[in-house]
Amino acid sequence: MFDFEIYSPEDKIILPEVEEYNVQLSLKRDDLIHPFISGNKWRKLKYNLIKARQENKTHLVTFGGVWSNHLLATACAAARFGFKSTAFVRGEDIPSDILFFCRMFGMQLIFTRREDYLDKRGLFVTHFGPDAAAYFINEGGSGPEAAEGCSEIISELKETYDHIFVAAGTGTTAAGLINGIIKFANTPQVHVVPVLKGADFLESQIKELLIIDHPFQFHSNYHFGGYAKTQPELIEFVKRFTSSTGIIIEPVYTGKMLYAVEDLVAQGEIKPGSKVLAIHTGGLFGILGMKEKFKF
Ligand SMILES: *Cc1c(COP(=O)(O)O)cnc(C)c1O
C-alpha cells in the first residue's frame with residue numbers, strides 16, 4: 001500500500017570482547033530502514049498506517065515525550081505518505097532536536113500537563129472526538145498492529161541464530177519478535193532487555209501480546225538506574241562499541257541491550273560457538289539529547 005522499500009541487512013560485528021569467547025554477533029540493521037522513520041518505529045507504524053488508510057483517516061494523532069523517537073517517526077511518515085499529524089507532547093516546550101524535526105515535518109504539537117497526559121483516550125476524544133479524519137495511535141505506537149509489524153523481522157532473516165536480543169520499552173517489539181518466531185517456526189531463544197527500572201510488569205505485558213504461550217528470557221538488571229538514565233560505564237561502552245564497529249548506538253535502548261549481550265557472553269550464559277543476533281532498533285536522534293554526558 002505504501003511505496004516504501006526497506007533495507008535492513010544482518011551485519012556481522014567484530015567486537016573483540018565477544019569474539020574472544022568464540023561467539024558470533026550479528027546486528028539486524030533496522031536503523032538503516034530510514035534516518036527518521038527509524039528502526040522498530042517503522043515496523044510499529046506500518047500496520048497502523050495501513051489501517052488508517054483503509055478507514056479513510058487522513059490525520060494521525062499520537063503521543064510522546066519531547067525526545068520520543070516515535071513522534072519523529074510518525075511526523076516523517078505522515079509527511080511522506082500524505083497524512084496530517086498532531087502530537088500531544090508530555091510536559092513543557094523545552095529545546096529538543098527531535099521536536100525541531102517534528103515541526104519541520106509539519107507535525108502540530110500540543111504541549112500537555114503531565115496529569116492530563118495520563119488520559120490519552122480522553123485527550124483524543126476532547127480534541128478530535130467528532131473529527132472523522134483523525135486516527136488514534138498510542139504512545140510509542142504500541143498495540144497489536146505494532147506487534148504484527150515487528151514479527152516481520154523474523155521472516156526477513158537470511159541466517160539462523162541461537163539467540164536474538166532486543167531492547168524493550170513497552171515490550172511490543174519483543175512480543176512481535178516472539179510471535180514471528182512462533183509464526184515462521186524459527187528456533188532462536190529471545191532475550192528481552194528492559195531499559196526501565198522495576199520492569200517486571202513488562203514480562204506479563206509481553207505475554208499478553210503473544211499469539212500462543214512461548215518461553216523467552218527476561219534480563220531486568222541492565223536498566224542503569226531507569227529509563228533514559230545512564231552511568232559512566234554505559235557511556236564508555238556506547239563509545240567503545242561505536243568506535244570499534246563504525247555503527248552508532250545510543251544509551252537509552254541499544255546501548256543497554258548490547259551491554260547485556262557482552263556481559264552475558266562474558267558470564268558464559270551465552271555458550272561459546274553460539275550465533276547471536278541483536279536487533280538495532282534505531283532511534284539515534286535521541287543521543288543528541290545526551291551530548292553533555294559524553295564529554296568528547
Ligand atoms: C522505542 C524504541 C524501543 C522500544 O520499543 P518497544 O516496542 O516499546 O519495546 C527500542 N529501541 C529503540 C531505539 C526505540 O526507539
Side-chain angles (χ1 to χ4, degrees), residues 8 27-48 62-77 87 96-98 101-102 137-153 164-180 190-196 199 201-210 216 218-220 222-224 226-228 230 234 238 241-242 247-261 278-290:
S8 171
L27 264 192
K28 173 79 170 149
R29 299 293 308 278
D30 271 12
D31 58 315
L32 297 180
I33 288 177
H34 190 278
F36 298 99
I37 317 171
S38 165
N40 63 342
K41 299 304 183 277
W42 163 248
R43 309 264 182 200
K44 295 172 80 172
L45 279 171
K46 180 178 170 186
Y47 287 100
N48 274 299
T62 194
F63 307 82
V66 290
W67 284 100
S68 162
N69 295 320
H70 163 71
L71 287 193
L72 180 55
T74 307
C76 180
S96 151
D97 298 292
I98 290 216
F101 283 110
C102 286
I137 300 179
N138 210 342
E139 184 177 44
S142 57
E145 287 82 12
E148 169 154 23
C150 295
S151 75
E152 294 179 349
I153 293 171
I164 299 190
F165 277 78
V166 65
T170 64
T172 312
T173 306
L177 277 179
I178 300 166
N179 285 342
V190 175
H191 297 258
V192 181
V193 181
V195 300
L196 23 118
F201 72 96
L202 260 188
E203 203 171 353
S204 44
Q205 204 161 296
I206 292 171
K207 284 184 182 152
E208 271 170 36
L209 283 168
L210 298 185
F216 60 92
F218 195 74
H219 303 286
S220 55
Y222 295 100
H223 57 72
F224 289 89
Y227 182 72
T230 67
L234 175 65
V238 167
F241 184 95
T242 299
I247 296 170
I248 297 184
I249 57 170
E250 46 67 53
V252 181
Y253 293 103
T254 47
K256 291 179 183 178
M257 181 273 295
L258 285 159
Y259 185 101
V261 173
I279 312 295
H280 194 320
T281 39
L284 295 175
F285 275 87
I287 209 170
L288 296 177
M290 304 189 128

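Sequence positions, counted from 1, serve as the residue numbers for this chain. Read the numbers this way: they start at 1 and go in the same order the structure lists the ligands and their atoms.
- Listed by chain and number, residues touching ligand 1 at under 4.0 Å (heavy atoms only) are N40, K41, K44, N69, A168, G169, T170, G171, T172, T173, Y253, T281, G282, G283.
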With side-chain contact (heavy atoms from CB on, under 4.5 Å) as the test, would you mind laying out the steps for F218 and L202 before giving the verdict? CA-CA 9 Å; F218 195 74; L202 260 188; 3.8 Å; yes
Sequence neighbours excluded and cut-off under 3.5 Å, please list the side-chain donor-acceptor pairs for residues 282-290, or say none.
none

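- By the side chain to side chain donor-acceptor pair (under 3.5 Å) test, T281 pairs with no residue at all, sequence neighbours left out.
- Using a distance-only test at 3.5 Å, with no hydrogens or angles considered, a donor-acceptor pair links the side chain of K256 to the main chain of H223.
- Of all the heavy atoms in S8 and D30, the pair that sits closest is OG-OD1, 2.7 Å.
- Every residue two or more places apart in sequence or in another chain that forms a side chain to side chain donor-acceptor pair (under 3.5 Å) with S151 is listed here: K183.
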